[in-house]
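For the numbers below, each heavy atom of this structure counts, side chains included, while hydrogens, waters and symmetry mates do not. When a ligand or atom number is given, it counts from 1 through the structure's own listing order.
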Amino acid sequence: MTKLEAISTIDSQSETDKTIFVSFTYKDAYSRINAIVIEGEQEAYENYISLVEMLPDHEEELKNLSKMENRHKKGFQACGRNLKVTPDMEFAKSFFEPLHTNFQEAAKTGNLVTCLLIQSLIIECFAIAAYNIYIPVADPFARKITEGVVKDEYTHLNFGEVWLKEHFQDSKAELQKANRQNLPVVWKMLNQVEKDAKTLGMEKDALVEDFMIAYGEALDNIGFKTGEIMRMSAYGLAA
Ligand code: Y39
Ligand code: FE
Ligand code: FE
């Protein structure tokens with residue numbers, strides 16, 4: 001191939017890439033994935049506010065995290081507007097319902113460790129996996145936004161890790177129980193969006209792999225032994 005031919009190939013490729021984002025199929029899938037992310041950020045915002053009551057010593061830090069989630073939500077709403085997509089919020093609400101209910105139940109009964117497992121470990125690792133897989137296939141506008149957001153999500157994950165590590169012995173049994181209850185829920189959620197994620201260029205296998213890496217690392221940082229991490233991870237497979 002001559003240099004000129006090579007250049008024109010690159011140009012026509014980026015032309016094709018641009019048309020993907022305006023196709024009906026892409027926008028249809030985006031209306032659900034974008035809604036999930038917006039709803040997820042909204043719920044994360046609310047969850048960190050709920051955590052303030054349970055962890056009054058960390059009020060400032062938690063309020064700061066909740067503000068970040070609210071900014072994320074606005075960023076992703078802008079991504080939808082940029083592609084002229086209306087997010088299907090009704091779908092997103094039902095998508096998050098089971099995790100939402102589990103968090104609410106735990107908050108009501110004062111099960112702080114369960115709340116931290118759901119929001120700070122499971123949901124944050126889900127966000128980290130999804131955003132890292134999305135960045136390379138995103139449209140340029142959404143890519144910029146998501147790159148900024150994913151950095152924050154590591155900060156959120158770190159908050160839960162640090163607290164749980166400091167209270168590891170007292171939290172261990174509740175963490176294992178909450179993991180057993182909530183990890184299968186995540187796999188069911190992933191199965192529901194597998195097809196739409198694929199339409200956006202995100203493979204389920206890659207999402208699962210990134211999630212398990214982030215989640216396993218978090219459990220390791222908190223103090224779990226390798227065998228315990230493997231047993232805890234295996235609960236997802238039942239879904
Ligand atoms: O802490 C956070 O910001 C988490 C709320 C956001 C979760 C986003 C969940 C994304 C799931 C997307 C699934 C795509 C396949
Ligand atoms: Fe977020
Ligand atoms: Fe977050």
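Listed by number with element, the atoms of ligand 1 under 4.0 angstrom from any heavy atom of Q119 are 1 (O). In the vicinity of Y131, heavy-atom distances shorter than 4.0 Å reach the ligand 1 atoms 6 (C), 8 (C). Contact atoms of ligand 1 toward E124: 1 (O), 2 (C) (distance under 4.0 Å to a heavy atom of the residue). Those atoms of ligand 1 that come under 4.0 Å of a heavy atom in G40, given as number and element, are 5 (C). Counting the atoms of ligand 1 from 1 in the order shown, those under 4.0 Å from a heavy atom of E69 are 1 (O), 2 (C), 3 (O).
Nearest residue to atom 11 (C) of ligand 1 from F126, F96, Y48 is F126 (criterion: closest heavy atom).
Considering only non-hydrogen protein atoms, atom 14 (C) of ligand 1 sits nearest to A130 CB, 4.2 Å. The protein heavy atom nearest to atom 7 (C) of ligand 1 is A127 CB, 3.8 Å. Of the protein's heavy atoms, I123 CG2, 3.4 Å lies nearest to atom 4 (C) of ligand 1.
Ion pairing of K172 with E228 is present here, as a side-chain N (NZ or NE/NH1/NH2) and a carboxylate O approach within less than 4.0 Å. Salt bridge annotation for K63-E60: absent, with no cationic side-chain nitrogen under 4.0 angstrom from a carboxylate oxygen. Taking a cutoff of 4.0 Å between a charged side-chain nitrogen and a carboxylate oxygen, R32 and D196 qualify as a salt bridge.
Under 4.0 Å from ligand 1, not a single heavy atom of E43 appears. Proximity of E153 to ligand 1, defined as any heavy-atom pair under 4.0 Å, is confined to the side chain (atoms from C-beta onward). Residue Y134 does not touch ligand 1, judged by heavy-atom distances below 4.0 Å. By the criterion of a heavy-atom distance under 4.0 Å, neither the backbone nor the side chain of F76 is placed next to ligand 1.
A distance-only check finds a donor-acceptor pair linking the side chain of S31 to the backbone of D28 [under 3.5 Å]. A donor-acceptor pair is defined here as one N or O able to donate and one able to accept, closer than 3.5 Å; such a pair exists between the side chain of N132 and the backbone of I128. The closest donor-acceptor contact from the side chain of N111 to the backbone of V113 lies at 3.5 Å or more, if one exists at all.
Side chains of H100 and E97: no donor on one and acceptor on the other come within 3.5 Å. Defined by atom type and a distance below 3.5 Å, a donor-acceptor pair is missing between the side-chain atoms of E161 and S120. With 3.5 Å as the limit, one finds no donor-acceptor pair spanning the side chains of H156 and Q119. A donor-acceptor contact under 3.5 angstrom links the side chains of N179 and Y215, judged on distance only.
Within the sub-2.8 Å shell of the Fe ion (ligand 3), the protein contributes these N/O/S atoms: E69 OE2, E124 OE1, E124 OE2, E153 OE1, H156 ND1.
In this structure, CZ on F224 lies 8.0 Å from CD1 on I229, to the nearest 0.5 angstrom.
Ring centers of Y131 and F76: under 6.0 Å apart, within the cut-off.
Of the polar atoms of E41, at least one N or O is found under 3.5 Å from an N or O of ligand 1, judged by distance alone.
Taking the side chain as every heavy atom from C-beta outward, L207 and M202 approach each other to under 4.5 Å.
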